[in-house]
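Residue numbers begin at 1 in each chain, while the letters A, B, ... track the order of the sequences.
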Number of protein chains: 2
Amino acid sequence: MPKTTLKKLATILGLSTATVSKALKNYPDINADTKKRVIELATSLNYQPNSLAQGLRNKESKIIGLIIPEIVHHFFSNIISGCIKAAEKRGYLVIVLQTNESFEQEKNHLKLLMNKNVDGILLSLSDDTTQHKHIKQVIDRGIPVVLFDKISKLIKSSKVIIDDQKAAFNATQYLIESGCKKIAHIRGDLKPQTTIDRFIGYKKALAKNNIPFDNSLIYKCKSLTFGEGYRLAKKIIQDHKDVDGVFAFTDLVATGVLKRFNELKIQVPEQVSVMGFSDWFLTKITTPTLSSVHQPGFEMGQQAFELLYKDICTLKKGEEIIPQIIEIPTYIVPRNSTRKLAKKAK
Amino acid sequence: MPKTTLKKLATILGLSTATVSKALKNYPDINADTKKRVIELATSLNYQPNSLAQGLRNKESKIIGLIIPEIVHHFFSNIISGCIKAAEKRGYLVIVLQTNESFEQEKNHLKLLMNKNVDGILLSLSDDTTQHKHIKQVIDRGIPVVLFDKISKLIKSSKVIIDDQKAAFNATQYLIESGCKKIAHIRGDLKPQTTIDRFIGYKKALAKNNIPFDNSLIYKCKSLTFGEGYRLAKKIIQDHKDVDGVFAFTDLVATGVLKRFNELKIQVPEQVSVMGFSDWFLTKITTPTLSSVHQPGFEMGQQAFELLYKDICTLKKGEEIIPQIIEIPTYIVPRNSTRKLAKKAK
DNA sequence: ACAGGCTCCGAAAACGATTTCGGTGAAAAA
DNA sequence: TTTTTCACCGAAATCGTTTTCGGAGCCTGT
């Protein structure tokens, strides 16, 4: 029942803790026979080093922190999953924390993780975060931070992102190429950069195709909910009878639109095409299934950890971290809420 | 940039580390003035105790482990969320791990967490787990374990569960009371206890209402997917033209059924009622919306932590843990895939 | 026989915080 | 004046592991 320690092994074998430790780590200055004896006893007593003591001595905990705005969220839970998987391969464990989009919580959690001596932190900014002192403090303390998804260009750190602008551009372009002429855009609050970029991407696609931008076609969600999509769908149709495309900045809202269109007997995609964003699980179960932009959460989580691991290693070697930015490619997943593209000539 | 330690504070103030430590912990044998000086310097230098050192000394890490079969899953991500929230209130952090329903991974993760000196472990068994030696080992080492959702009656530990049998009974009863006479049941693999219990609940409800059990009305999913529901829906209708109710053991499958019924122009709920299980988010966005049994993940996560915390405390006091089992109540959420109940006379 | 070179092991310091057990000095009591 | 009491502080051990440095013992070569 009590844990086996180095000392216990040492006394049983009539050795010192130093020798036992070195034997287990295969130091060259230990006799082969002794090593064998030590290893045998260690395995038979199921010795496991106390990682608290190791951490104290080696100044590393082999634990990292992961801070996200929301856990119950398809995209972010994918991030968690990818991150944990990558971490495990390198022998790291992951402490998960949630900010609920609150700046205060973000600050607190950062502090908590620092006290726990984590070796690094993965962070997706909360919508409320406008200043970055708290993050700089962490970095200055020698704890590497990697930002992902919701980032800030003002923070000098490694980052993992998608190109929201390009992705939104492609989504809009797709709608246009499939025959849409009048496309409404449902956007969210302009606080997170992602929302801004998706809006810009939409506008750029219009410009590229010489479609004049019409501000009355832009609808703003008060909250990021199914209900908002449901509400706005009717408004869109009332305002513009000839709308033939809707690009929503997130799937959840697009799903609400779909539902309302069904109820209003508006044919999707024959009359109006609907395009979402994120490629959540629910895109596959709506009627009709929802076309969307795939946002690769799992890959982002993996890459974010790998980047952090690299930073941890360079810091351990005493070198300076050179921030690196990885952009994960996105792609459109066409389903039944948009019309088919004419096949391109090769 | 370097962290402030007790020693640093001590040398600056011309005191010993012992005095500084005691001053910060408000020991009675320290002069009030000294305390003030210490605290002031500590806050101004932003002193944070090294939790590795604290853990080593006090034999507690203030970290717990949470092992679940799958992270990207509505129910389990709710569990994570609830658990983290409860843990935070008590000053604990949570390391999250995922087994992918694999016994081997469950064993490895348990070992990893033990080495990290977590103060306790929250565990939902993988479907592959049939023996429990590895869990007993953990408990014998003095690390409390609390099981939740997927448990085993053979393990002597605290548990947080729902009464799957009663919940399934109620769901079936609801279908019957709303007028269904011939109810099909879609069940999963009979490995996890939950699936078995839901099946039993279904049968008990039939018995209670003098409806003979008909094995040809039981359909088995090969996998826990939307596609399986889609596939089985057609089979059900082909086998039994007069089926008027379907009780699926999980929402995802029920959603597939709904989709197929829509395509086959089968009126839901007029011709066939459909009842799911778990009350996932997606129940609200299907057409029609899906009636389901609410499975309170968030609450379960919270309660599981609280139970673990209690066990940790009793163990610290040197007392023996008396395993406790908490049952979280479930309830039916009627939506549009089932007919309304006649109002009961009060 | 003795310097030099091996091989193998252990003492000890270090990581940072905690806590017991004295100890010092001054004030109060005798 | 001497003893007791008290308030206040510090030395040192402890948690378990790692690593440097030195040293004991033995063998080799001259």
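Under the 3.5 Å distance criterion, the side-chain polar atoms of A:Thr43 are matched with a main-chain donor or acceptor of A:Ile39.
Note: CD1 (A:Ile30) to P (C:dC6) measures 18 Å, nearest angstrom. In this structure, A:Leu9 places its CG atom 12 Å from C1' of D:dT17, rounding to the nearest Å. Here D:dG10 presents its P atom at 12 Å from CG of B:Asn31, a figure rounded to the nearest Å. Straight-line distance from the CG atom of A:Leu13 to the P atom of C:dG10: 10 Å, rounded to whole Å. A straight line from CG of A:Asn26 to C1' of D:dT18 spans 16 Å, rounded to a whole angstrom. Spacing between atom CD of A:Glu60 and atom C1' of C:dA14 amounts to 16 Å, rounded to whole angstrom units. If you take CZ of B:Arg37 and C1' of D:dC9, they are 12 Å apart, rounded to a whole angstrom.
The residue B:Leu15 sits close only to the backbone: its heavy atoms come under 4.0 Å of sugar-phosphate atoms, none of a base.
Ion pair B:Glu327/B:Lys159 not flagged as a salt bridge, since none of the NZ, NE, NH1 or NH2 atoms sits closer than 4.0 Å to an Asp/Glu carboxylate oxygen.
At D:dG16, none of the side-chain N or O atoms of A:Lys8 fall inside 4.0 Å of OP1 or OP2 (strictly under the cut-off). Remark: B:Thr34 is in phosphate contact with D:dC9, judged by side-chain N or O atoms under 4.0 Å from OP1 or OP2.
Using modelled atom types, one finds a donor on one side chain and an acceptor on the other under 3.5 Å when comparing B:Ser81 with A:Gln98. Between the side chains of B:Lys310 and B:Gln324, at least one donor N or O lies within less than 3.5 Å of an accepting N or O.
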Residues A:Lys150, A:Glu101; criterion salt bridge (charged side-chain N to carboxylate O under 4.0 Å, His left out); working and verdict: CA-CA 11 Å; A:Lys150 298 204 201 160; A:Glu101 305 283 7; 2.8 Å; yes
Salt bridge (charged side-chain N to carboxylate O under 4.0 Å, His left out) between B:Lys62 and B:Asp119, worked out: CA-CA 6 Å; B:Lys62 292 275 179 184; B:Asp119 295 344; over 6 Å; no
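Taking the six-membered ring for Trp and thresholds of 30 and 60 degrees, B:Phe75 and B:His73 have ring planes more than 60 degrees apart, a perpendicular arrangement.
For the side chain to side chain donor-acceptor pair (under 3.5 Å) with A:Ser126, the qualifying choice from A:Thr129, A:Asp128, A:Thr130 is A:Thr129, the only one to do so.
Applying the 6.0 Å contact sphere to NZ of A:Lys111 captures no more than 12 heavy atoms from other residues, nucleotides or ligands.
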Summary of protein contacts for nucleotides 17-22 of chain C, nucleotide by nucleotide, where a base hit scores B, a sugar-phosphate-only hit scores S (4.0 Å, heavy atoms): BBBB--
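Remark on the helix from C:dG5-D:dC26 to C:dA28-D:dT3: inter-end axis angle 90°, axes from five-pair C1' superpositions, rounded to 10°.
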